[in-house]
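We number each residue from 1, following the sequence as shown.
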Amino acid sequence: MGPHPAVAAIRLAVRRTLTELAAHAATGSTFAAPPPTPPRQVSADPTRLPRAQAPAGAPLVLVACSGGADSMALAVATAFEAPKLGLRAGAVTVDHGLQPGSADRAQEVADRLRGLGLDPVEAVTVDVGHHGGPEAAARTARYAAMDDAATRHDALAVLLGHTRDDQAETVLLGLARGSGARSLAGMPPRAGRYRRPLLEVGRAATRQACVAQGVTVWDDPHNTDPAFTRSRVRHEVLPVLEKHLGGGVVEALARTARLFRDDADALDSWAAEAEQEMRAATDPEGSLDADGLAALPPAVRRRVLRRAAVRAGSPPGDLFARHLEAIEQLVTGWRGQGPLHLPGGVEARRRCGRLLFRTQTPNA
């Protein structure tokens with residue numbers, strides 16, 4: 001008898017991602033893929049399935065795990081699939097310190113992950129700041145901790161447990177912000193060292209997989225706290241849409257993200273080429289030709305302006321549509337207006353037919 005359908009679906013999604021990483025390791029690093037012989041069997045894991053042992057010195061992938069159903073299902077599947085592809089599987093769990101007993105809970109999650117056969121496993125405590133609100137600040141601290149762990153362990157990638165439902169929520173949040181096609185493209189399946197194998201898997205499947213395999217999960221109370229925007233989208237907005245528009249809203253939003261991502265990738269590539277053409281090769285400040293910008297389609301022009309602002313030091317997460325619209329007025333609505341002050345202390349101004357972006361000094 002085969003595994004539960006939810007377990008099989010998650011394993012397949014993880015296997016696809018790990019296969020890509022294993023191929024990369026074989027061709028792009030000093031590690032070589034092991035010969036296709038069955039891995040040595042060792043003790044049984046908590047999923048009641050035999051656990052294989054990866055070759056010594058094999059490339060490592062880390063699973064980011066909160067202890068919730070999504071990330072635990074991902075961890076179990078990774079522990080099962082990785083050794084068969086010649087990869088080691090480890091994990092990192094982050095304690096944000098925002099709830100009583102969070103440190104003990106992080107250690108419990110780490111112990112549970114070790115019991116699944118993942119190694120190394122780290123429980124990392126972070127200090128969450130206040131910039132951008134509680135959700136953004138926690139995310140910034142979490143990713144910094146995961147980046148540090150991946151660097152220290154020389155990991156090929158960090159796997160994230162975002163599901164199709166998370167993708168739908170992200171699209172709705174992007175729509176509410178009016179942030180453009182890139183925001184509506186949602187979360188990419190791969191970004192730098194990060195991979196999201198479960199973006200085509202529903203949240204219900206991860207919980208079913210955990211139940212079927214007897215895996216204990218922890219439900220973060222923040223996920224149901226209406227003080228958090230994503231929680232309201234999850235428990236209030238999406239159910240209303242499903243009720244009044246019919247089923248399949250989550251799937252449709254995730255599909256929309258895929259389509260927008262293809263368009264956004266093409267426009268980003270065009271914008272990168274256009275930016276190079278607009279810059280004066282002899283200008284040490286890297287200014288952009290205003291007439292050349294004006295001739296570009298608006299979607300490409302705004303991307304060029306965004307790239308220039310970010311390159312000058314404006315944080316991408318703080319640069320919104322209203323900022324880009326104001327910069328665009330220096331190109332399409334020029335009437336001698338003064339400089340613009342952008343997030344991150346960046347100044348944008350037009351001078352002698354060119355746009356300049358520079359970081360302001362404290363005395364500027």
Side-chain angles (χ1 to χ4, degrees), residues 131-133 136 140 170-192 194 253 255-364:
H131 181 72
T140 297
T170 300
V171 172
L172 283 179
L173 289 168
L175 182 63
R177 287 193 298 264
S179 302
R182 176 51 69 189
S183 184
L184 295 180
M187 297 174 288
R190 59 185 66 80
Y194 292 98
L253 288 169
R255 184 168 60 251
T256 297
R258 289 196 301 273
L259 297 174
F260 267 110
R261 191 178 311 118
D262 290 342
D263 293 347
D265 288 346
L267 290 169
D268 285 346
S269 178
W270 186 353
E273 295 177 4
E275 183 186 18
Q276 292 301 315
E277 296 175 1
M278 299 298 154
R279 289 188 180 278
T282 59
D283 182 3
E285 294 186 288
S287 63
L288 301 173
D289 175 49
D291 289 340
L293 286 167
L296 291 173
V300 179
R301 179 170 57 244
R302 285 191 288 270
R303 280 169 166 77
V304 172
L305 296 175
R306 178 181 175 83
R307 288 172 59 90
V310 170
R311 188 189 301 275
S314 195
D318 294 338
L319 200 60
F320 300 126
R322 66 178 183 273
H323 299 120
L324 297 178
E325 290 167 0
I327 304 170
E328 195 170 24
Q329 284 300 303
L330 298 178
V331 178
T332 61
W334 176 243
R335 57 184 185 280
Q337 56 264 49
L340 299 172
H341 301 287
L342 305 174
V346 172
E347 179 187 270
R349 67 165 65 231
R350 176 166 172 164
R351 186 176 66 197
C352 301
R354 304 194 69 83
L355 257 62
L356 294 88
F357 295 81
R358 66 185 183 91
T359 304
Q360 296 173 282
T361 60
N363 296 324

Residues Asp289, Arg354; criterion side-chain contact (heavy atoms from CB on, under 4.5 Å); working and verdict = CA-CA 5 Å; Asp289 175 49; Arg354 304 194 69 83; 3.7 Å; yes
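Nearest heavy-atom pair, Ala274 versus Val304, reported as atom, atom and distance to 0.1 Å: CB-CG2, 4.0 Å. Pairing each heavy atom of Gly344 with each of Thr359, the nearest pair is O-CG2, 4.4 Å. Shortest non-hydrogen contact noted between Val331 and Arg350 is O-NH1, 3.7 Å. Taking all atoms of both residues into account, the shortest heavy-atom contact from Gly186 to Thr170 is CA-CG2, 3.9 Å. Taking each heavy atom of Ala309 and Leu342 in turn, the nearest pair found is CB-CD1, 4.1 Å.
In this view, Arg190 and Glu20 satisfy the side-chain hydrogen bond (donor to acceptor under 3.5 Å, both in side chains) rule, not counting sequence neighbours. Considering only residues two or more places apart in sequence or on other chains, Ala299 meets the side chain to side chain contact (heavy atoms under 4.5 Å, CB included) condition with Leu267, Arg303. Qualifying ring-ring contact (aromatic ring centres under 6.0 Å, His included) partners for Tyr194, counting only residues two or more places apart in sequence or in other chains: Tyr143. Residues meeting the side-chain hydrogen bond (donor to acceptor under 3.5 Å, both in side chains) test with Ser314, sequence neighbours left out: none. With sequence neighbours left out, Leu324 forms a side chain to side chain contact (heavy atoms under 4.5 Å, CB included) with Arg306, Leu319, Ile327. With sequence neighbours left out, Arg311 forms a salt bridge (charged side-chain N to carboxylate O under 4.0 Å, His left out) with Glu275. Every residue meeting the side chain to side chain contact (heavy atoms under 4.5 Å, CB included) condition with Pro339, not counting sequence neighbours, appears here in chain and number order: Glu347, Arg349. With sequence neighbours excluded, no residue forms a salt bridge (charged side-chain N to carboxylate O under 4.0 Å, His left out) with Asp263. Annotation: salt bridge (charged side-chain N to carboxylate O under 4.0 Å, His left out) contacts of Arg302 (sequence neighbours excluded): Glu328.
One distance of note links NE2 of His341 with NE2 of His323; it measures 12.0 Å at 0.5 Å rounding. Atoms CZ and CG, from Arg307 and Leu305 in turn, are 11.5 Å apart once rounded to the nearest 0.5 Å. Distance check, rounded to the nearest 0.5 Å: CG of Leu355 to CG of Leu293 gives 6.0 Å. Rounded to the nearest 0.5 Å, atoms CG (Leu253) and CZ (Phe260) are 11.0 Å apart. A distance of 11.5 Å separates CG of Leu259 from CG of Leu184, quoted to the nearest 0.5 Å. Remark: Thr332 OG1 to Leu296 CG distance equals 12.0 Å, nearest 0.5 Å.
Residues in residues 330-345 take part in no salt bridge (charged side-chain N to carboxylate O under 4.0 Å, His left out) pair, two or more places apart or across chains.
Side-chain atoms of Gln337 come within 3.5 Å of backbone N or O of Gln329 as a donor-acceptor pair.
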